[in-house]
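So that the names make sense, note that chain A is the first sequence line, chain B the second, and so on, each numbered from 1. What you see is a predicted model, and the numbers here were worked out from it, not measured in a lab.
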Protein chains: 2
Amino acid sequence: MKVRIKEVAAAAGVSAATVSKVLSGRTGYAVQAETAQRVRQVALTLGYVPDVAARNLRTRRTGQLGVVLEAVGSSEPDQLLGGLTTSSAVRRTFDGAIMAGLSDAARSLNVPALVIYPGSSGLHRTYLDGRVDGLLVSCDPLRGHQLLQDLAQLPMPVVALWTQGKLPGISTVDVNHQAGARQAVEHLLNLGHTRIAFYGGGQASGVEHFQRREAGYREALEAAGLPALAAIHQGEQLVDAVCLGEVSAVFAETDLGAAAVVQALAGAGLSVPGDLSLVGFDDILGAEYIAGGLTTVYQPAAEMAAEGVRVLLARLGGAPVSQTLLPTRLMVRRSTARLSKGPC
Amino acid sequence: MKVRIKEVAAAAGVSAATVSKVLSGRTGYAVQAETAQRVRQVALTLGYVPDVAARNLRTRRTGQLGVVLEAVGSSEPDQLLGGLTTSSAVRRTFDGAIMAGLSDAARSLNVPALVIYPGSSGLHRTYLDGRVDGLLVSCDPLRGHQLLQDLAQLPMPVVALWTQGKLPGISTVDVNHQAGARQAVEHLLNLGHTRIAFYGGGQASGVEHFQRREAGYREALEAAGLPALAAIHQGEQLVDAVCLGEVSAVFAETDLGAAAVVQALAGAGLSVPGDLSLVGFDDILGAEYIAGGLTTVYQPAAEMAAEGVRVLLARLGGAPVSQTLLPTRLMVRRSTARLSKGPC
DNA sequence: CTGTTAGCGCGTTCAC
DNA sequence: GTGAACGCGCTAACAG
């Protein structure tokens with residue numbers, strides 16, 4: 001049978017309230033050290049474990065954090081990108097990293113549990129209210145903020161991952177896409193390239209991350225006094241530009257885009273980095289295989305998740321809404337080389 | 001403010017008890033249909049949501065399922081395998097697929113929430129008892145069953161994923177490694193290969209999955225009346241065997257192993273599938289990149305997770321301990337070819 | 001410094 | 001068919 005607090009109290013010769021005070025762990029309760037010690041000892045030998053449900057009812061808190069994963073579990077049909085891999089597979093990898101970061105942080109910060117919710121729809125108060133004290137939302141960067149705005153209505157703090165900007169009442173944690181992109185382009189500039197193209201949807205994509213990445217690209221070129229080219233998102237168009245000597249290096253908005261570039265070049269008998277230096281963004285699992293090792297921008301997904309937990313706990317402790325940007329890291333591999341003569 | 005059951009009762013002109021009976025959903029309570037309808041209507045318009053904590057306390061159940069992820073969040077240093085990628089990255093991908101499967105299943109089966117626990121250690125009753133009604137454990141195939149045996153002590157049903165065998169009191173759901181391996185080798189046999197090697201630790205690895213895969217390899221060869229070769233797990237050794245014409249095809253215990261084979265062969269100027277047909281196991285993210293498209297055995301991780309949820313719910317409903325094996329699927333890509341003349 | 005009291009909000013008996 | 005009373009196990013507030 002389960003041991004109750006009253007039995008511990010009886011065995012220790014104190015009242016239930018005293019046992020509660022001791023085991024709550026909270027200081028400032030004024031229990032004699034000797035008594036406290038005895039209570040702890042008795043609780044241990046009896047194998048007493050406080051009843052979670054009763055405690056939750058009384059304190060109106062659960063100690064649990066909710067995690068909404070917008071992409072995981074969406075069970076959408078996979079979309080082929082460049083015929084090479086699937087976007088949902090990539091998301092799964094990111095979510096895996098995020099899960100890992102969350103787990104680590106939760107354990108080290110002594111959060112009893114993370115409660116997971118698929119993000120898609122019907123995320124009613126019914127499911128969240130009373131089960132968690134606060135919410136971490138891993139937003140799908142390809143979608144808008146609809147889900148986030150719904151969740152913001154809940155009577156609990158919300159922290160959004162993969163997102164930045166002025167969302168009232170919501171703390172955000174994101175990677176610094178713009179700075180990461182700038183760093184990637186600066187790497188190409190340092191290798192002597194001056195004709196650097198941006199590959200991807202960029203501004204036109206409607207995806208904030210991509211827009212920031214293109215902004216970083218433009219920023220780097222402007223700082224170097226060089227012209228930014230119009231974004232390219234057609235393989236053939238890029239191949240033509242390379243053949244004409246208009247482009248010697250490409251910053252691709254994603255690693256998948258970079259993979260598509262490699263494929264398009266290969267179809268024209270061109271190679272990376274011989275004919276074109278190439279930098280991606282994301283450092284997806286498998287980036288080591290692209291072009292024999294794709295130079296790309298690593299996003300610290302696990303660290304972002306851990307930071308999210310810290311921010312959320314801080315807000316539960318009364319801290320104000322905040323916005324955090326984490327630095328990326330340029331992974332220099334073998335797809336970039338010093339500028340040489342043109343091809344074709 | 002939150003609406004309480006008493007307010008609903010008052011508004012509907014009945015007592016709180018009646019409201020509870022109606023909203024519990026249970027039949028056999030004998031409430032007049034008309035009354036029930038009115039209560040439901042009132043509850044809806046008032047936006048009444050039963051208090052989770054109070055309900056949990058009263059019913060001694062939570063409606064939540066616990067998920068223990070043994071590998072995710074273990075924050076171990078990555079181990080390099082074949083210099084190509086890392087085992088933890090692979091695990092993350094599998095865990096991602098498992099998370100996706102769990103989420104889908106939980107939603108479609110109307111489970112309010114999944115409570116996630118990092119698997120590593122100190123998974124005390126303190127954390128589990130009273131928070132979840134049952135447990136799904138995604139075991140690390142590379143480890144033993146220590147964690148599982150600890151969890152089996154808990155007063156709740158436990159379902160283990162990625163595991164099979166006779167664990168008292170624990171239901172298991174796993175992929176049929178042996179049948180999958182047999183199928184992979186049969187594919188090589190059908191291409192005319194007769195000198196087929198097994199690459200990996202196999203029996204000697206101490207890892208059950210790998211042992212079963214080697215068993216499947218032997219089974220297929222025996223059924224074809226051909227000799228099984230000793231397991232190889234050195235790249236140079238394999239290269240020698242290929243050059244000597246002793247081996248024309250390899251079944252690798254994992255995709256990472258297959259990647260290592262590709263690399264070793266490339267170092268000796270040999271190629272896949274020209275000089276050697278190669279089949280892997282796992283279908284990891286990135287398998288499309290290995291050897292231009294690795295033929296391999298896909299493991300239905302998401303389906304396995306979904307099945308785990310179903311099994312667990314069944315056990316909560318009184319069903320006995322069970323053991324399930326799910327079929328794999330051979331993904332034929334470009335690393336296998338019909339047997340031709342030997343190289344070197 | 002410690003014990004007593006009074007609920008937290010709901011579900012489940014039993015009378016009626 | 002319905003409602004009143006009770007208690008799940010714990011802890012916040014106060015009394016001593």
### Closest non-hydrogen atom pair, B:Leu316 against B:Pro157
CD2-CG, 3.5 Å

### Query
Once you round it to whole Å, what is the distance between P of C:dC8 and NZ of B:Lys2?
13 Å

#### Entry: B:Thr62 vs B:Asp133, side chain to side chain donor-acceptor pair (under 3.5 Å): CA-CA, chis, key distance, verdict
CA-CA 6 Å; B:Thr62 64; B:Asp133 297 339; 3.1 Å; yes

### Query
Is there a donor-acceptor contact under 3.5 Å from the side chain of B:Glu303 to the main chain of B:Gly101?
no

### Query
Are the side chain of B:Ser20 and the backbone N or O of B:Ala16 linked by a donor-acceptor pair below 3.5 Å?
no

### Query
Can you tell which of D:dG3, D:dG1, C:dC1 lies closest to the side chain of B:Gln32?
D:dG1

### Task
Starting at the 5' end of nucleotides 7-16 of chain D, put B wherever the base has a protein heavy atom under 4.0 Å, S where only the sugar-phosphate does, and a dash everywhere else.
BBBBBS----

### Query
Between atom CG in B:Leu23 and atom C1' in C:dG11, what is the gap in whole Å?
12 Å

### Query
Is the distance from OP1 or OP2 of D:dT2 to the nearest side-chain N or O of B:Thr18 less than 4.0 Å?
no

### Message
Is it the case that the side chain of B:His209 and the backbone of B:Val175 share a donor-acceptor pair, with hydrogens and angles ignored and the cut-off at 3.5 Å?
### Response
no

### Check: B:Arg131 main-chain N/O paired with B:Gln64 side-chain donor or acceptor under 3.5 Å
yes

### Protein-nucleotide distance (A:Asp129, atom CG; C:dG9, atom P), rounded to Å
12 Å

